[in-house]
Amino acid sequence: VPPVNWCPAESTVLSNEQSSGGVCWRCGAVVEKRDIEQWFFRITAYAEQLLEDMRELEGGWPERVLTMQRNWIGRSEGAYIEFQVKDTDERVRVFTTRIDTIYGANAVVVAPDHPLVERSPLKEDVRRFAERVRAASMQAREPGAVEEKEGINTGLLAVNPFSGEPVPVWAGNYVLMEYGTGAVMSVPAHDERDFEFAQKYSLPIKRVIGRVSHDQPAIAHDPTHPDQSAAMDQAFTEYGVLIHSGDWSGKLSQDAVREMAEFAEARGFGERAVTYRLRDWGVSRQRFWGAPIPIIYCDKCGVVPVPEKDLPVVLPERAEFTGAGQSPLAGVPEFVNTVCPKCEGAARRETDTMDTFVDSSWYFFRYCDPQNDSAPFDKEKVAYWTPVDQYVGGVEHAVMHLLYTRFWTKFMRDIGLVNFDEPVKRLMTQGMVVAETFYREGETAGSKVYINPSDVDVVRDDKGRVSSATLVGDGQPVTVGPFEKMSKSANNGVDPNEMIKAYGADATRLFILFAAPVENDLRWQEAGIDGALRFLRRVYNFVHRWREALAGAPKDAAAAGEFNAEARALRQATHRTIERVTNDFEGLRYNTAVAALMELLNSLGDFKAEPRSPSPAELFVVREALEALVLMLAPFCPHVAEELWEAMGHAGGILSSGARWPAFDKELARREEVEIAVQVNGKLRGRVNVSAGATEDETRAAALSDERVRAWTEGKQIVKTVVVPGRLVNVVVKG
RNA sequence: GCGAAAGUGGCGGAAUUGGCAGACGCACCAGACUUAGGAUCUGGCGCCGCAAGGCGUGGGGGUUCGAGUCCCCCCUUUCGCACCA
C-alpha cells in the first residue's frame, strides 16, 4: 500500500486528485504523506477507457478540461525490460519508453524501498539510505519543489540484456516505487534526470543516439563525428539515430522503439507495456459527513462487505467531534459494534466515511428518482433523463469531480445500471466573479488578514488602476492584492443584499450576464450595473408610455392595414432579435442575447410614431416588439418582466397567462434592403444600398456606379470584381 | 521544463467563422432640459490629420481580390502538470 496524502489542517486523508499541486483542495494546506490503510476504488482499471472515450467529448467539452484529464491520466507507452541480477536468480524489471537508448544504460536505479534492495550486500547502508529518503518524502514539501538527486550503490550488478554488459544497481531517491516497476535503467546521455544523477556520482555517460542529419545519413556509423563524440554538457532527449548500439546502430529511434521491444518480447526478457500516471482513488475519509464505507471487520471472517439488503449504511444521529483527527464514527459504539453478516458473531464496522466526491459522482442520477428506497434509482427513469445534455461547473473540478463521475458512470454501465459511456455530453466551465483583495501593509502571504473592500477607500486613476487605498476610518494605507474569486476567506465578497437594495435583483443579474461571456472570469466593478438599470428603466418607461394606446392595437397583422417602410423595419428588427436571442440562448451566449435586447429597445426608440396618434399598423408593430422584448427579458429579469407583462394588459403572470417564448418569422427577419460595402483593391471606398434579393450583376452595377467608387476606378483598368451577395463588392483595378 | 488556452479602443466585450473591425454597454466629452444633477434626453467618442486621406486587432513574414479570423517564426499573459522513467 503506497503512502497516502494527509491534510494536517483537516486531519483526513485525501486522494491524489484532491492534493494536486501538493496542497489540499479545500483549505490549501500543504499535504503530507502517511502510511494508513485505506479503501480505494480501482479507477486505474478504467484509465484506458477514460482516455479513449474522450473522443466522444471532443467538441462538447472545453479543450482545457480534456487536456488536464489527459495529462492527469498520463498514459505512456513503452516496454518492460528485465535485467538479470548477477550472482542471483533475480531479475530486475524496469519500465522504459526509450528502449532505443538501452545501449547507453550505465546503471539500473531502483526506488529506495524496492524489494531487490534486500539482496544487496550493502543492504544495511541501503536501508539507512532508504529510511532517510522516506523520511524526507513524508515531509510536506513546497509545491513544485524538486529534491536534489541522491543515490547509493547497492553493490549488485545487473546485466543489460541487449549488450550483455554488466551495470551497477543503484538505489535513488528520484525513482518512485509507485510508478512503473519502481526501477529504471539509467541512460544519462539521453535523459535529463539520469544525466544529473550520473554527473553527481561520476558515472560514465555514453551517447547512443545521434542527431539525424539529412545530409549525412551515414553519420551513425562515424563515431568520430563531432556530434557523436563530443563530451555532452546536457542530455540529448530527442529521437534520432542509434549509434554504438550493436546491430541496432543506424536505426531510427521511432523504429527501434518498436522493433527492440518486439525483439525483447521474442527473447523472453521483456514485453511491450503501457503505464499510467493515474493512481487508484483513495476514498476513505476521517470525516463524519459522508456515506459510511459499507464494510464490516470480523475477527473470524476478516473483511466482510455489508450485504446488499442492509444497504445503505446510515450515519448515526450523533457523534463527538473532538478535533483530534480521528474518524468521528469510531467514537459511536452503537454504530461500530455490529454482527458479522457471515458468522453472526460480534464484529466492528469500518468507521471512515467515503470521499464527498463519491456522492457527487452520481447525485444527478439519483435526482432522477430521489424517493427510491429499494435501489439507487430506477433504470428506466435514469435512462429517460440521462446522460446530461448540458453541464455547468467550474474548471477546478477538471481532474476531480469530472474525472470521477466519468469513471463512476463507466462502472455503473458495467454492472448494468446505465447503458452509455459518458455521463455528460456538453460541459460549460463557467467563470467566477473575481475581485481585488486588500490587506494591511507589511503583511506577508502566510499571515495576511484580508480586509473587506467595503472598509477600504480606493482612489483610481483614469485607467481604473488603484492609485491609493486606505482604510476607512483611520486612513491607514492598505496593500492591494491580486484579483481572487469572491470568497469568505479572501474577504472580498460583495453583499448581494446591498446590490439588490441599490439596483434590484433584476438589474444585478442582467449586468452579470451581460458583462462577459459565461466562461470568462468577471472582474467585479459596480459601475457597469448602472447601464443595466438604465436599460430596464427605459424599457419600463417605454411600456408605460404606450400602454394605453396599445389597448387598441389590432389583434393580428391582417387587421393592421398597410405597413409603411418604418413599420416594416421595426418588424424586421423584432423578428431578427427573436432569432438572435433564441440562438444565443441555445449557445449559452447570454451577453450577446442581452445586447440584442438592448438593440431592439434602441430600434423602438428610433421608431418615429408617437403614442398620441398612432396608426393601427404602428400600434401593431410596437406591440409586437414590446411583447417580444418583455418575454425575452423574462428569464433575465423576471420581476420587471412580470410587471410589464401585466401592464400591457395580460392578466396574471407570464407563465399563467399562457405566454410562450416568442417565435420568429424568417421572412420578416430578413432585411428588405441591404447595405453593400464597396472596396477598391480591398480598401473600403463606398457603400451602396441594394434590395435584399439583388442579383450579383445588379449588385456589381450598383457598386460600380457609386460616385465615390467611380472616383477611385476612373481611368484604371478593372481587372475583376468580386461580389459577395448581400455583403460586399471588391473591385480590383490596375494602373 | 512539458502541455493548453488567449492577446481587439481608456474598460467589459462584439464580429453571421475568410467579407464594412470595434455591435452592445461602461467611462469620458459636448449640448439640451433644469434652482440643482451622480436624473433624463440629443450628439460625439480607435489613432494621426484642418481636410483629403493614411494607419490600425501583441510583433514580423506568408497565402488571398480580401486576414482579427488561415499558415510559419517570435513576444507576452493566464491556466494546468511537474523527478511519471
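Heavy atoms only: backbone and side chains are in, while hydrogens, waters and symmetry mates are out.
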My understanding is that a pair needs two contacts under 3.5 Å, Watson-Crick or G-U wobble. By that rule, which nucleotide pairs with B:rA23?
none
Determine the contact category for A:Arg685: base if any of its heavy atoms lies under 4.0 Å from a base atom, sugar-phosphate if only primed atoms, P, OP1 or OP2 are that close, otherwise nothing.
sugar-phosphate
Could you check whether A:Val175 gets within reach of a base, just the sugar-phosphate, or nothing at all, counting any heavy atom under 4.0 Å?
base
Distance check: side-chain N/O of A:Arg64 vs OP1/OP2 of B:rA6, anything under 4.0 Å?
no
Taking OP1 and OP2 of B:rG13, is either one under 4.0 Å from a side-chain nitrogen or oxygen of A:Thr592?
no
Integer-rounded Å distance: B:rA85 C1' and A:Trp170 CH2
18 Å
Does NZ or CZ of A:Arg538 fall inside the cone over A:Phe535's six-membered ring, less than 6.0 Å from its centre and within 45° of the axis?
no
Donor on one side chain, acceptor on other, A:Trp72 and A:Glu17, under 3.5 Å
yes
Quick check with a 6.0 Å cut-off and a 45 degree axis cone: is A:Lys149 positioned over the face of A:Phe197's six-membered ring?
no
Quote, to the nearest angstrom, the C1' distance that separates B:rA51 from B:rU57.
27 Å
What's the closest nucleotide to the A:Asn602 side chain, out of B:rC24, B:rC81, B:rG19?
B:rC24
Using a 4.0 Å heavy-atom cut-off across all strands, classify A:Val724 as base, sugar-phosphate, or nothing.
base
Taking only the side-chain nitrogens and oxygens of A:Arg534, find out if one of them lies under 4.0 Å from OP1 or OP2 of B:rA27.
yes
Test side chain to side chain contact (heavy atoms under 4.5 Å, CB included) applied to A:Leu704 and A:Val688, A:Thr699, A:Val678, A:Ile718, the passing residue:
A:Ile718
B:rG54, B:rA27, B:rA85: which one has an atom nearest the side-chain heavy atoms of A:Trp712?
B:rG54
With sugar-phosphate meaning primed atoms plus P, OP1 and OP2, does A:Arg70 contact a base, only sugar-phosphate, or nothing at under 4.0 Å between heavy atoms?
nothing
Within this structure, what is the CD-to-C1' distance between A:Gln69 and B:rC81, rounded to whole angstrom?
14 Å
Is A:Asn681 touching bases, backbone alone, or none of the nucleic acid, heavy atoms closer than 4.0 Å?
nothing
Would you indicate what A:Arg537 reaches in the nucleic acid, counting non-hydrogen atoms under 4.0 angstrom: base, sugar-phosphate, or nothing?
sugar-phosphate
Distance in angstrom units between A:Leu533 CG and B:rG25 C1', rounded
13 Å
Take the protein atom NZ of A:Lys33 and the nucleotide atom C1' of B:rC83, then report the distance between them rounded to whole Å.
13 Å
Sugar-phosphate, base or nothing in reach of A:Pro517, heavy atoms under 4.0 Å:
sugar-phosphate
Return yes if the base of B:rC81 and the side-chain atoms of A:Asn71 contain a donor-acceptor N/O pair under 3.5 Å, otherwise no.
no
Which part of the nucleic acid, if any, lies within reach of A:Asn730 when heavy atoms closer than 4.0 Å are counted: base, sugar-phosphate only, or nothing?
base
Considering every strand shown, what is the Watson-Crick or G-U wobble mate of B:rA5 when both distances are under 3.5 Å?
B:rU77
Looking at every strand, decide which applies to A:Glu178 at a 4.0 Å heavy-atom threshold: base, sugar-phosphate, or nothing.
nothing
What's A:Arg538 touching, base or sugar-phosphate or nothing? Going by heavy atoms closer than 4.0 Å.
sugar-phosphate
Figure out the CD/C1' separation between A:Glu192 and B:rG1, and round it to whole Å.
7 Å
Can you tell me how far P of B:rG1 sits from CD of A:Glu196, to the nearest Å?
15 Å
Select base, sugar-phosphate, or nothing to describe what A:Asn520 touches, counting heavy atoms under 4.0 Å on all strands.
sugar-phosphate
